[in-house]
Q: 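Let me give you the structure first, and then I'll get to my questions.
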Amino acid sequence: MNSSEIEHNVKCIFENFSNEEFVFDFLLAYGISKTSVTRLKKGDFNLSKVKGELLYKNKILFKEEDDDSLLSTIDAISKEERILKHKPRFAIVTDYETMVAKDLKLKRNLDIPLQDLPKYYSFFLPLAGSEVYNSSNDNEADRNAAYKMAELYDLLIHENPDIYNSKETVHNLNIFLSRLLFCYFAEDTGIFEVESVFTNTLAQHTTSNGSDTHLFLNRLFERLNTKSENSLPDYLVKFPYVNGGLFKDKIESPIFSAKARKILIDLGGLNWKDINPDIFGSMIQAVVIPEYRSDLGMHYTSVPNILKLIRPLFLNELYETFEKHQNNVLQLRKLIQRIAGIKFFDPACGSGNFLIITYKEIRLLEIKIIQQIIALEKIDLFTAAFTTSVSLNQFYGIELDDFAHEMAILSLWLAEHQMNKVFEEMLEGYGASKPILPLKEAGKIVQGNATRLSWEEVCPKSKDDEIYIIGNPPYLGSFLQNKEQKQDLAFVCKRFKSYKDLDYIACWFVKATDFINDEVVKAAFVTTNSICQGEQVILLWPFVLNRGLEIFFAYKSFKWTNNAKGNAGVYCTIIGLQNASNEPKKLYDNTMCYSVKSISPYLTTGTNTIISKRMKPLSKLPVMNYGSKIVDDGNLIFSNEEKNRLVTQYPETSSYFKKLAGSAEFIRGLERWCLYIDDNKIEFATSVPEINNRLKAVSEFRRKSTESSTREMANKPNRFYYSVHNNSDSIIVPRTSSERREYIPMGFLNGDTIVSDAASVIYNAEAWIFGVLTSRIHMVWVKTVGGRLKTDYRYSSQLCYNTFPFPEISLKQKENLCLYVFAILDERAKHSEKTMAQLYSPDTMPIGLKEAHQELDKAVEQCYRLQPFTSDTERLEYLFKLYEEMTKKDTLFAKKKKVRKSKI
DNA sequence: GATCCGACATTTT
DNA sequence: AAAATGTCGGATC
């Protein structure tokens, strides 16, 4: 149960309120099981014999009180031994008008009108167990520790400059740091029996100048890898045997300065108990890898986002199975067996946060099942101790970065230890954990390149194995990939045409598709939304779908966020893949979840039709051009002031200037100018020093380009890289525009204005074309099949315009459309002082303009059919159908043409 | 020759 | 500092 569900539940208590039921409704709202609440009602779970009191072990003490001494009552009662021995987390006293409560663990108080409880619902969230692994959101402990570690790391590098000389020494340093972290954690959490034994012994047995610190650590680490305690000096006997691979190899510790030693000891003073292994790993990794340091932990996946993925992938289903069999011990035991057999595989695991959260969630579920078994079998306390069936061996991962991969292994151990504690606490006398030391099992995390490794070798798959592939692999658009990554992409995706346009993450989707050939294997990734938009859709998804897979759940685009300082600028989706089935699919949009028949690669419901780029319009429409592209590093472009200054000084230069319009200029009503100099005037133009300088700068810039076609234009700096301008009137179609607008603002320009490559353009277009382009039905099409910048419109001729199915219409119909177009232009003219941004903002769009658009919408839709469309879904379905019909005809026609030609 | 995209980039509030 | 919203030119076909 998540916190928003709880918030909702708490609100519901007051819809049907009764004093008698309140406390039980309250517990149910926080996810306490029905069986427990029933037994509380009956009384056999109620540990208080006092009337009007309810005492529920480890959870709450609840007391009704009539007079107005609520506060003194709660103070008194929360000191009573008969109460405290059952360790309730909360004490609550109420007269059903006011509620006072105490969090006995955090020593926090609450004093509110009972009615206001929904506002303060989060006070009681620990009842729901959310504190178990996610106590705070601010990660202060993690951040402090990470920064302090960074300080130590920098000093060590500084004092041991040879470390970076070889891969092996870097790897050794990684392991060394990982060992230190383990020791800090161990001395704070009881893995080492004596508290602070590591830091204290270190402080006592090393000199303050740091010169023998490395010797001490060498000896200590050797001890941690030695079973026998014979002939050990006293101070090392206090440490246990750990091993588990972590201390297996002998590694020379780096040399410490006095300062480094001091930081080493200071680090021991931090509160390692509160470290979240799931997040800390990413932070420490970010700190240790210099390139990542500037964006500390930028790409670790937040817990809410991990839950968004693992819940629909497997957790919800496991919980449903649990609910279904909650009264059947045999089935419950079977469920535990099943859980113990599942493999979880993150082929881009980083420092392991998906695996760790999954591990914790699975352990938590197991605990709940065991609690239910205990309740059902009425087992006597201490007669049977349950141990966990979940093992770290079920967790598989691949990680490229060596340090991250060490952190993943370490963090899983830490998570295991933490969950062992939770296991014992929540099961009280019924649960026992095997001693964590010596470390035995470990997550199977392989260091390597996931695009190259055989996934089956990392995570062996035998028939009927239940496997879930999870993770958040790297996203890189084609022009952000480096050489190796391009080769990786080629290695995995060569079999597709135009594979080079794919995002790097496509490798993971392709390999996951290859991996899922069994119905019990499912996969889900957090991914950039790019693979579900625009040109990539046709490259990737036919392959996946043709393999018999389906998208069985998906989250629509959401902005990437985590707790790191600077967030990556990207929009994500989450996509779940499995073998095709008849089950309904789950499509999530923010907090809403829709049950739908199918989810298309565009993450819409309905058909799986995918649009291909087209070079020419499918419908009878004029050619749309790509705007003129300068490639000048800004040198040919002038602001108003710059231009005026030059023209004042050299009046003859005014003829070299043309207005330049891209999306921003057109939408926001900005004015910019560009130099547009004929080849035959260049000699004269360069006599003006500023122009000469600017042209030189263009040459220089183009010469340095990595792209040959740009370099070729270096000696023609007066020319554009690519130009379609022909001095005639045009319709400008901004290439990018905010999704908040109902219509992309388009417009007519005259031949004085050059349309830049930030927009598309149709020259000499008839007015009715404008009508078709700005129509709602076209916007619906653009939104679905076009690319996007984040989630905004991104208009492109090949995807949006050339693919748009529009019927052939008569002259009369065209004339009719023109009337509506002129009406829109008239409405715009009434507000000539306003920019397009103002006119088309959903907040400020003038009513008249809106109505004129709606009239046009109707007129355009009448070109398709007389019966009006009632929804965008209907429009889309109609368009896709028409698209299929028209493309079929088109290809038949093309084939016929070919045949005829070849006969000749 | 033409063009789609951005683990973004820059402006606006 | 957060929110809004579209540049620019490489890489690719």
Side-chain angles (χ1 to χ4, degrees), chain A residues 292 295 297-301 348 472-481 486 489 497-505 526-531 533-539 559-562 564-572 613-616 623-637 660 662-668 670 672 701-702 704-713 720-724 734-741 744-745 756-760 786-802 835-837 840-843:
Chain A
Y292 295 172
D295 46 44
M298 201 171 174
H299 295 156
Y300 82 83
T301 314
N472 175 19
Y475 327 150
L476 291 163
S478 65
F479 65 81
L480 288 174
Q481 296 158 15
K486 280 187 198 303
L489 187 68
K497 75 166 197 210
S498 298
Y499 70 89
K500 285 179 179 173
D501 283 331
L502 280 167
D503 194 284
Y504 192 44
I505 200 176
V526 179
T527 168
T528 167
N529 62 7
S530 299
I531 60 161
Q533 295 171 1
E535 63 179 357
Q536 294 198 43
V537 180
I538 190 102
L539 303 180
K559 198 175 186 325
W560 171 267
T561 52
N562 62 21
K565 273 194 281 178
N567 272 185
V570 66
Y571 276 67
C572 302
K613 289 201 276 193
R614 289 184 70 91
M615 300 303 287
K616 283 182 188 147
V623 170
M624 179 181 279
N625 287 299
Y626 194 79
S628 301
K629 182 161 155 171
I630 310 184
V631 187
D632 63 335
D633 199 25
N635 288 297
L636 294 184
I637 298 175
L660 182 73
S663 301
E665 290 79 18
F666 180 72
I667 292 173
R668 292 212 271 259
L670 310 174
R672 284 210 297 176
F701 176 72
R702 288 183 182 169
K704 281 194 208 134
S705 170
T706 55
E707 203 219 325
S708 61
S709 53
T710 304
R711 289 198 301 274
E712 276 166 31
M713 297 299 288
F720 287 8
Y721 171 87
Y722 168 76
S723 178
V724 284
R735 179 141 304 138
T736 49
S737 170
S738 168
E739 65 169 342
R740 301 201 321 127
R741 296 175 188 132
I744 299 176
S756 87
D757 65 328
S760 292
R788 307 239 174 163
L789 186 52
K790 351 178 270 304
T791 51
D792 286 343
Y793 294 105
R794 162 173 250 143
Y795 200 96
S796 66
S797 54
Q798 290 189 356
L799 285 163
C800 302
Y801 181 77
N802 293 345
T835 64
M836 284 292 159
Y840 284 86
S841 157
D843 310 323

Q: For the base of dC8(B), is there a side-chain donor-acceptor partner from Tyr571(A) under 3.5 Å away?
A: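 When only heavy-atom distances are counted, Tyr571(A) does not reach the base of dC8(B) through any donor-acceptor pair under 3.5 Å.
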Q: If you restrict it to nitrogen or oxygen atoms, what contacts under 3.5 Å exist between nucleotides 10-13 of chain B and the protein, and what is each distance?
A:
none

Q: For Ser663(A), which residues count as a side-chain hydrogen bond (donor to acceptor under 3.5 Å, both in side chains) partner, sequence neighbours excluded?
A: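 None.
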Q: Please enumerate all residues that pass ring pair (Phe, Tyr, Trp, His ring centres under 6.0 Å) together with Tyr840(A), with sequence neighbours excluded.
A: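 Here the qualifying residues are His853(A).
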Q: What are the residues of residues 787-797 of chain A, sorted by number, that bring a heavy atom to within less than 4.0 Å of DNA chain C?
A: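 When residues 787-797 of chain A is checked for heavy atoms under 4.0 Å from DNA chain C, the hits, listed by number, are Leu789(A), Lys790(A), Asp792(A).
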Q: Taking only residues two or more places apart in sequence, or in another chain, which ones meet Ser705(A) in a side-chain contact (heavy atoms from CB on, under 4.5 Å)?
A: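 Expected list: Glu707(A), Thr710(A), Arg711(A).
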Q: On DNA chain B, compare the nucleotides closest to Ser709(A) and Pro473(A); which residue's is nearer the 5' end?
A: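 This one resolves to Ser709(A).
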Q: On the nucleotide dA2(B), are OP1 or OP2 found under 4.0 Å from the side-chain N or O atoms that Gln798(A) carries?
A: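 Checking Gln798(A) against dA2(B): no side-chain N or O falls below 4.0 Å of OP1 or OP2.
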Q: Restricting to side-chain hydrogen bond (donor to acceptor under 3.5 Å, both in side chains), what partner residues turn up for Ser797(A), sequence neighbours left out?
A: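 Testing Ser797(A) for side-chain hydrogen bond (donor to acceptor under 3.5 Å, both in side chains), a comparison that skips the adjacent residues, returns none.
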Q: What would the secondary structure line of DNA chain C be in dot-bracket form, counting Watson-Crick and G-U wobble pairs under 3.5 Å, with [ ] for pairs that cross earlier ones and | for pairs with another strand?
A: ||||||.||||||
Q: For Asp792(A), give me all partners under salt bridge (charged side-chain N to carboxylate O under 4.0 Å, His left out), at least two apart in sequence or on another chain.
A: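 Salt bridge (charged side-chain N to carboxylate O under 4.0 Å, His left out) check on Asp792(A) returns Lys790(A).
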Q: Could you work out, with side-chain hydrogen bond (donor to acceptor under 3.5 Å, both in side chains) as the rule, every residue matching Ser628(A), not counting sequence neighbours?
A: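 None.
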Q: Please enumerate all residues that pass side-chain contact (heavy atoms from CB on, under 4.5 Å) together with Tyr499(A), with sequence neighbours excluded.
A: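 By the side-chain contact (heavy atoms from CB on, under 4.5 Å) rule, Tyr499(A) matches Leu489(A), Ala490(A), Cys493(A), Phe496(A), Leu502(A).
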Q: Any donor-acceptor pair under 3.5 Å linking the side-chain atoms of Tyr626(A) with those of Ser796(A)?
A: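 Per modelled atom types, Ser796(A) and Tyr626(A) side chains form no pair under 3.5 Å.
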Q: What residues form a side-chain hydrogen bond (donor to acceptor under 3.5 Å, both in side chains) with Ser760(A), not counting sequence neighbours?
A: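 Arg735(A).
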Q: Walking along DNA chain C from 5' to 3', note the first and the last nucleotide with an atom under 4.0 Å from a heavy atom of chain A, and give both.
A: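 Contact span on the strand: dT5(C) to dC13(C).
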